[in-house]
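One structure is given here, and the rest of the page talks about it.
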Amino acid sequence: MTKNEIINYIKVGRAKSVCVDIRLVDNYPGYVREIVIMEESILKIEFNIYDFDEGGLVIEIIYDDFDKMICKIEEYIGLYIEDWKNVNKTGWYPELKEKVDFKQSGLILKQDLVTKNLLLPLGGVQYEIRCGYWRDLADGKITI
């Protein structure tokens, strides 16, 4: 992908966002992490149970500018923008090949959130969980 492709997709796409990375998370077996770029230099990181697209941990990160956000995403996922895929277009979803203990993974995710050990992209101006169960766990605030 390119920066212009991302910006154009956000402008004309129905969701006004683009998912640039989706993968299973080693630290939380059975959880899928999505990285979604939104308007106004907002990045959304979602951690959802495999085969579910709602109810998981959603963190919004606001950046000063689009270029800084792209740089921090590259560092976080270990891929340059040229290697990112538009998951909205491809519909690709990772395959879970092993049996996992979703309850145990969820407990680890919760613990990492509460103890502030959750790995997130750096450099954001603000980190926020907007609503729900996860917000209550973290008091709505994420500090990096």
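Exactly one residue among Glu128, Gln126, Met38 makes a side chain to side chain contact (heavy atoms under 4.5 Å, CB included) with Ile62. That residue is Gln126.
At least one donor-acceptor pair closer than 3.5 Å links the side chain of Trp84 to the backbone N or O of Leu79. Panel note: side chain Glu34, backbone Ile45; no donor-acceptor pair is recorded below 3.5 Å. Distance alone, capped at 3.5 Å, places no donor-acceptor pair between the Ser17 side chain and the Ile37 backbone. Judged purely by atom type and a 3.5 angstrom limit, Asn88 uses its side chain to pair as donor or acceptor with the backbone of Cys19. Put simply, the side chain of Arg135 gets close to the backbone of Ile129: a donor and an acceptor are under 3.5 Å apart. Distance alone, capped at 3.5 Å, is enough to place a donor-acceptor pair between the Tyr76 side chain and the Leu119 backbone. Judged by distance alone, with hydrogens and angles left aside, the side-chain atoms of Ser105 form a donor-acceptor pair with the main-chain N or O of Pro29 at under 3.5 Å. The backbone N or O of Asp51 sits less than 3.5 Å from a side-chain atom of Tyr93, completing a donor-acceptor pair.
Pairing each heavy atom of Thr115 with each of Asn117, the nearest pair is OG1-ND2, 2.9 Å. Shortest non-hydrogen contact noted between Phe66 and Ile6 is CZ-CG2, 3.6 Å.
Using a 4.5 Å cut-off on side-chain heavy atoms (C-beta onward), Val36 and Val18 make no contact. Looking at heavy atoms from C-beta onward, Lys72 lies in side-chain contact with Tyr63 at the 4.5 angstrom threshold. Using a 4.5 Å cut-off on side-chain heavy atoms (C-beta onward), Val58 and Lys44 make contact. Side-chain contact check for Arg23 versus Val32: every heavy-atom pair is 4.5 Å or farther apart. Ile61 has its side chain out of reach of Met69: every pair of non-hydrogen atoms, C-beta onward, lies at least 4.5 Å apart. Contact check for Leu118 versus Phe47: side-chain heavy atoms found under the 4.5 Å cut-off. Inter-residue side-chain proximity for Leu43 and Ile35 is flagged as met; some heavy-atom pair is nearer than 4.5 Å. Annotation: side chain of Lys85 is not in contact with side chain of Val20 (no heavy-atom distance under 4.5 Å).
Counting heavy atoms of neighbouring residues, nucleotides and ligands inside a 6.0 Å radius, atom CD of Glu40 does not exceed 12 of them.
Looking at Asn4 and Thr2, their side chains never bring a donor and an acceptor atom within 3.5 Å of each other. Side-chain atoms of Tyr9 and Lys16 include no donor-acceptor pair closer than 3.5 Å.
Atom CD1 of residue Ile108 and atom OH of residue Tyr28 lie 8.0 Å apart, to the nearest 0.5 angstrom. Distance check: Glu74 CD to Asp21 CG gives 12.0 Å after rounding to the nearest 0.5 Å. For the atom pair OH (Tyr50) and CG (Asn48), the distance works out to 13.0 Å, reported to the nearest 0.5 Å.
In this structure, Val25 is a member of the same hydrophobic cluster as Ile59, with clusters built from ILVMFWY side-chain heavy atoms closer than 4.5 Å. With hydrophobic clusters built from ILVMFWY side chains whose heavy atoms lie under 4.5 angstrom apart, Leu24 shares a cluster with Val100. In the hydrophobic clustering of this structure, Leu120 groups with Ile22; members are Ile, Leu, Val, Met, Phe, Trp, Tyr whose side-chain heavy atoms approach within less than 4.5 Å, directly or through other members. One hydrophobic cluster holds both Trp134 and Val114 under the rule that ILVMFWY side chains link at heavy-atom gaps under 4.5 Å. Connection of Tyr80 to Ile70 is not established within any shared hydrophobic cluster, with ILVMFWY side chains joined at heavy-atom distances below 4.5 Å, either directly or through further cluster members.
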(Q) Test side-chain contact (heavy atoms from CB on, under 4.5 Å) on Ile49 and Phe52; report intermediate values, then the result. (A) CA-CA 6 Å; Ile49 293 175; Phe52 288 84; 3.9 Å; yes
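With salt bridges taken as basic N to acidic carboxylate O contacts below 4.0 Å, none links Lys110 and Asp112. Between Glu46 and Arg33 there is no salt bridge, since none of the side-chain N atoms of the basic residue sits less than 4.0 Å from a carboxylate O of the acidic one. In summary, Lys3 and Glu5 do not engage in a salt bridge, as defined by a charged side-chain N under 4.0 Å from a carboxylate O.
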